[in-house]
2 protein chains.
Amino acid sequence: MSTSPILDSVTPRTQPYHHGNLRPVLVDTAVQLARLTGPDGVVLREVARRAGVSHNAAYRHFEDRAALLQEVSDRAMADLEQAMRERIDTVAIEDPVTRASERLRETGRAYVDFAIREPGLFAVAFTTSAGPRDHNSATWTGPYGVLNAVLDELVDAGALTPERRVGADVACWATVHGYAELHVHGPLQEMPAALRDEILESVLDVVHRGLMGS
Amino acid sequence: MSTSPILDSVTPRTQPYHHGNLRPVLVDTAVQLARLTGPDGVVLREVARRAGVSHNAAYRHFEDRAALLQEVSDRAMADLEQAMRERIDTVAIEDPVTRASERLRETGRAYVDFAIREPGLFAVAFTTSAGPRDHNSATWTGPYGVLNAVLDELVDAGALTPERRVGADVACWATVHGYAELHVHGPLQEMPAALRDEILESVLDVVHRGLMGS
DNA sequence: AGCTGATGTGGACACTGACAACATCACGCT
DNA sequence: AGCGTGATGTTGTCAGTGTCCACATCAGCT
């Protein structure tokens, strides 16, 4: 049936018509783009291009561009959580009080470091936020769950009173989140890294004293 | 020369060819759009449409879409600053220490309130941030300048030691900024207003204790 | 063998930011 | 008085994007 063997050997699809594994590849590609350029860089057609597939192919796996972005956001949140867990586990201190305190500090440092190291992912993580599913701290997972667990350790160690435990999660979260935002996308972008780290320590001091007294 | 008097009486431009006052009108329109839809809503063609002018007219007054957005950002920053100043001036307390403390709290409340009340402007204000021109707190104006002034009042009143004054600005800023972000664009959007205000007070308590001891 | 549903393609449409060529007009110079 | 010149506004165009629709391909079941 071939009119020309040349066309037949050159033209035939080097890739099968059906990719077979497209969805995860699309997500990976989108994550890669998000790391480079943030939320606005996650362009449906560019993702398809890099996946070696036609534009529109993504619509078989995602409702929307927003749906794909949400997937990237979930991945970013998971990455952030893991970064926090890893850093927390590096604390090797016996005394329960100082141990819990230091673990809280590492939580904050990990949060800010992640934002600095992965600005694109950090941005995507908080652009399409479905928010905490419920207001019950116990069942919550993700970065917020990690923070809550560490704060509970402080209460168990007797370093944080139950009264001050109320709202402490939001206070900690807001502080490191704001610090990260101001440095990553905000007006403090140009601050040298050394100074940034130094001031972060003093900010963590403020939170520590505010929660547990001097 | 008119082929038809009807066309001549119907067609003539109701508006003069040159707008005469376009630039400020464009900025106003852009601000209006930003309030409704945030940074992404500031669409050059839509701004021109609402100003009753053709697309591209804006290019005679702004280099870029980014340039127009920067103008909106400046306006938003000025609005935020004014909101803070107004709220600060409502504090009517004699005792210098409690007066300065309360003025600091009002600074934070005003910041968060503005973000809640004008989410679009708040977002634009921090999207295109040129950042503090210099790291010298004295010459700085805008919201950051207001904060620094209030913190200096606390030092003058003897409530805040000079050592703890270092980095206090960033600590305060980060806390309220993070609190605002989490509530305006972030995972805490769905929190009821009453609870939001209540927790903000406890967060401000943490900052107060952290800076000035219990 | 043939059907069917899932998956991928090609083509369109409306929208956007940006550029280039042209139109209009206020103002100053001769 | 006339002219021209630069600022301002317009029209036309291009590439790029998200999304919809019709069609192509193909694996697996009947």
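Given the structure is predicted, the values throughout are model-derived calculations rather than measurements.
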Q) Does the gap between the ring centers of A:His177 and A:Phe122 come in under 6.0 Å? A) yes
Q) Atom CG of A:Asp40 and atom P of C:dT16: how far apart are they, to the nearest Å? A) 16 Å
Q. Has B:His61 got a side-chain N or O lying under 4.0 Å from the OP1 or OP2 atom of D:dG9?
A. yes
Atom pairs, N/O to N/O, protein against nucleotides 11-14 of chain D, distance under 3.5 Å?
{"from": "D:dT11", "atom 1": "O4", "to": "B:Asn56", "atom 2": "ND2", "distance (Å)": "2.6"}
{"from": "D:dG12", "atom 1": "O6", "to": "B:His55", "atom 2": "NE2", "distance (Å)": "3.0"}
{"from": "D:dG12", "atom 1": "O6", "to": "B:Asn56", "atom 2": "ND2", "distance (Å)": "2.8"}

Q. When the distance from CG of A:Asn21 to P of C:dA6 is rounded to whole Å, what number comes out?
A. 19 Å
Q. OG1 of B:Thr107 to CZ of B:Arg85: how many Å apart, nearest 0.5 Å?
A. 10.0 Å
Q: Please state how far atom OH in A:Tyr59 lies from atom C1' in C:dC13, giving the value in whole angstrom units.
A: 13 Å
Q: Would you kindly compare A:Leu44 and B:Arg60 by the position of their nearest DNA chain D nucleotide and give the one closer to the 5′ end?
A: B:Arg60
Q. D:dG16 P sits how many Å from A:Arg49 CZ, rounded?
A. 8 Å
Q) Given atom CG of A:Leu22 and atom C1' of C:dA6, what is their separation to the nearest angstrom? A) 13 Å
(Q) Just the rounded figure in Å: distance from P of C:dA18 to CG of B:Leu68. (A) 11 Å
Q) Aromatic ring centroids of A:His185 and A:Phe126 under 6.0 Å? A) no
Q) A:Pro187 versus A:Leu182: any side-chain heavy-atom pair under 4.5 Å? A) yes
(Q) Is it the case that the side chains of B:Trp173 and A:Tyr179 hold a donor-acceptor pair, with the cut-off being a distance below 3.5 Å and no angle test? (A) no
Q. Given atom CD of A:Glu46 and atom P of D:dG16, what is their separation to the nearest angstrom?
A. 11 Å
Q.
Just the rounded figure in Å: distance from P of C:dA18 to CD of B:Glu63.
A. 9 Å
Q: Would you name the heavy atoms of B:Thr127 and B:Pro39 that are closest together and state the gap between them?
A: CG2-CG, 3.7 Å
